[in-house]
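Notes for the one structure printed next.
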Amino acid sequence: MQEDKHEAIMELAKRRGFFWQSYEIYGGVAGFYDLGPLGVRLKEKIISLWREFFVKKHAHIVVEIETPIIAPARVFEASGHLEHFTDPIVECLKCGRKFRADHLIEEKLGIKAEGLSIEEMTKIIREHDLRCPVCGGPLSDVKLFNLLFKTTIGPYSSNTGYLRPETAQGMFVSFKRVYEVSRKKLPLGIAQIGRVARNEISPRQGMLRLREFTIAEIEFFFDPEEPVSDDMFHELLDQLPRRKIRILTVEAKKRGEEKPFEIDIEEAIRERLILTPWLGYWMAVAQEYMHALGIDYDEMYFDEKAPEERAHYSAQTFDQLVRVSRYGWIEVSGHSYRTDYDLSRHMKYSGEDLRVFKQYKEPLVVKKKHLLWDKAWIGRTYRSRAREIFEALSRMNPEEVLKQLEEKGYLEIAGAKIPKDRIKVIEREEKITGKRFIPHVAEPSFGVERILYAVLDHAYTVKDGRVVLKLPRLVAPIDVAVFPLVKDENIIRVARKIWLSLMNNGFYTIYDEEDSIGRRYARVDEIGVPAAITIDYQSLEDNTVTLRDRDTWEQVRIHIDNVVDAVRDFLRGASLDDIRHKYG
RNA sequence: GCGGCGGUCGUCUAGCCUGGACUAGGACGCCGGCCUUCCAAGCCGGUGAUCCCGGGUUCAAAUCCCGGCCGCCGCACCA
């Protein structure tokens, strides 16, 4: 066996067809991977388990949608991605360091450079002979680094489109409609699983940093003043098998801590280590999800990102890290508190009101001060300027008006003087039936390919010199293998019948009669097939077959008529003992 | 983008320094056959590499030189 597990996994992935680099015959292109037959199956199962954990089990508060990969430029102007994704960069030709060109110019020369073209900035650098602030070397021309893939929509090149770098904007842009069809309830999670593209400068590390990949994420919208009712929250928390998570906070890191500590979700929220309950809740779900994929609890934790490490929209971010053999701790999901940033931006850029209305149980009756002014007098006195004055008055705070009138005896406004007796402040009762607000958002976001890699890394084991992929039964790409013990006509006949019936009952099934039985077991162990049904000579006598467990290599004998049910139970987690008792 | 190392059958690799008997060797895999009553058994036969791409040097290039692509590691970057 190879010493390096990563090498071994990459080799296995290529040889057996999980994944390989794209465009191989043209020399390959960095950051792109093909999924092979087994990879597609594995990924599909990883996704369907995600859907199980995040959507199905939360069907009362989460819905799933699908939106396009290509979006008009406006969307990413609003989201801030165009601004934050396009950096003018200069490189030192001597030491190779890179700098934000606009920042460097502002800092060193005191010239406002924001918004200047790259040519203008290059010109400024040349004219002032700006040099590398670190080593004093000469600087390159200013280049634009934009991680958004650009394209055009339709035949006109002016109609710019971008490939989304996250699925999130789809949920924000369509929030109003989804909220509407979900009968205007909060909290509301909108989930989406889809492909995204990021034009990384130098993708590395195989499947871990791709230019095109799949994200599974939820934008979870809630009322910031009343994120969740206690009842609902406890109902959800009580369903978690484990309420503790391992986290490493920025605060702890500042103290020099390097190891995460364990804390109850509720406590973390109460202590304000996690800024909003929903962020914490979804982190706990993420923990369960990764655990179901075969990652031990102590092989993962949540790492809080420092403000400068966070994305532009985030008020708090935790990365879910999982340990893998080669790279150490890698990020498989990010959990960000996006506040009302995205919806506010889309309100501003689209002009749509994306606020939600929440009706109070009882309308609030508040006494409110109102300003009344003598329109006739003001009109007569100020004539054509009256309209302007009215508008200014309507913007005034009654309390302040009272104060001014008190102090000066008149109100000075819009260049006019209005005497005390022309203005009245009255108190009126108002019924407030509810409030309008911009929901806040907690976002759990998963990189599916990274999960896929982490799952393989954790499943990969070597037993007696043979590779056994101990994938959780639920995510194994192939469910069950059917083998005739030897190439005996009668045995083969029975085996093929069982194979067909398993296939017709929804299992991904392999049938193999080539080579020795040991070799066939080895072949399916290597790709993680959890169960193998073997038909032998005894089968011909008493209609029983054996079910073999990939992980223990133990077998139990069951009746042929029970094969489908037994395999189903086994895949759902039944032990061989369970199977023996039920079907043996 | 910079620096270091690397790229040979499906996979892993030998050969490269020191150019030529390399018709590029091996192992595993894969395909066909024989054998086989439960864990990569054995035997026989077969398949498979324009040596990453392009250019150059040379009588002659897998081998030397240049450029590109790709990979890994470090730096930089990283929603």
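- Comparing atom distances between the A:Arg466 side chain and each of B:C39, B:U11, B:C38 picks out B:C39 as nearest.
- The partner of B:C75 is B:G1, by the rule that a Watson-Crick or G-U pair needs both atom distances under 3.5 Å.
- Nucleotides of RNA chain B nearest to A:Lys487 and A:Ser516 differ in position, and the one nearer the 5' end is that of A:Lys487.
- Of the candidate nucleotides B:U37, B:U11, B:C38, B:U11 has the atom nearest to the side chain of A:Lys14.
- Between A:Phe483 atom CZ and B:C38 atom C1' the separation is 11 Å, expressed in whole Å.
- Rounded to whole angstrom, the span from the CZ atom of A:Arg310 across to the C1' atom of B:C78 amounts to 16 Å.
- An OP1 or OP2 oxygen of B:C38 is reached within less than 4.0 angstrom by no side-chain nitrogen or oxygen of A:Thr534.
- When the P atom is compared between B:C69 and B:C28, the two are found 39 Å apart, to the nearest whole Å.
- A search for ring-ring contact (aromatic ring centres under 6.0 Å, His included) contacts involving A:Tyr341 returns A:His312, not counting sequence neighbours.
- The ring-ring contact (aromatic ring centres under 6.0 Å, His included) search around A:Tyr337 returns A:His440, not counting sequence neighbours.
- Using atom P as the reference point in both B:G55 and B:G48, the two lie 27 Å apart (nearest Å).
- Salt bridge annotation for A:Arg520-A:Asp515: absent, with no cationic side-chain nitrogen under 4.0 angstrom from a carboxylate oxygen.
- A:Ala311 comes within contact range of the sugar-phosphate backbone alone, with a heavy-atom separation under 4.0 Å but no base atom that close.
- Salt bridge annotation for A:Glu7-A:Arg326: present, with a cationic side-chain nitrogen under 4.0 angstrom from a carboxylate oxygen.
- Non-hydrogen atoms lying under 4.0 Å from RNA chain B are contributed by nothing in residues 452-459 of chain A.
- Interface remark: the A:Arg520 side chain does not form any donor-acceptor pair with the B:C39 base, using a distance-only criterion of under 3.5 Å.
- Of the candidate nucleotides B:C78, B:U11, B:C38, B:C78 has the atom nearest to the side chain of A:Arg209.
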### nucleotides 70-75 of chain B: protein proximity per nucleotide (B base, S sugar-phosphate only, - neither; heavy atom, under 4.0 Å)
SSSBBB
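- When rounded to the nearest whole Å, the span between CD1 of A:Ile25 and P of B:C9 equals 15 Å.
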Within the sub-3.5 Å range, which N or O atoms of nucleotides 27-31 of chain B have a protein N or O partner, and how far apart are they?
residue: B:G29; atom: OP1; partner: A:Arg519; partner atom: NH1; Å: 2.6
residue: B:C30; atom: OP1; partner: A:Arg523; partner atom: NH1; Å: 2.8

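- Between the C1' atom of B:C77 and the CZ atom of A:Arg198 lies a distance of 14 Å, rounded to the nearest Å.
- Listed by chain and number, the residues in a side chain to side chain contact (heavy atoms under 4.5 Å, CB included) with A:Glu514 are A:Lys487, A:Asp512, A:Arg523 (sequence neighbours excluded).
- Atom CD in A:Glu166 sits about 14 Å away from atom C1' in B:C78, given to the nearest Å.
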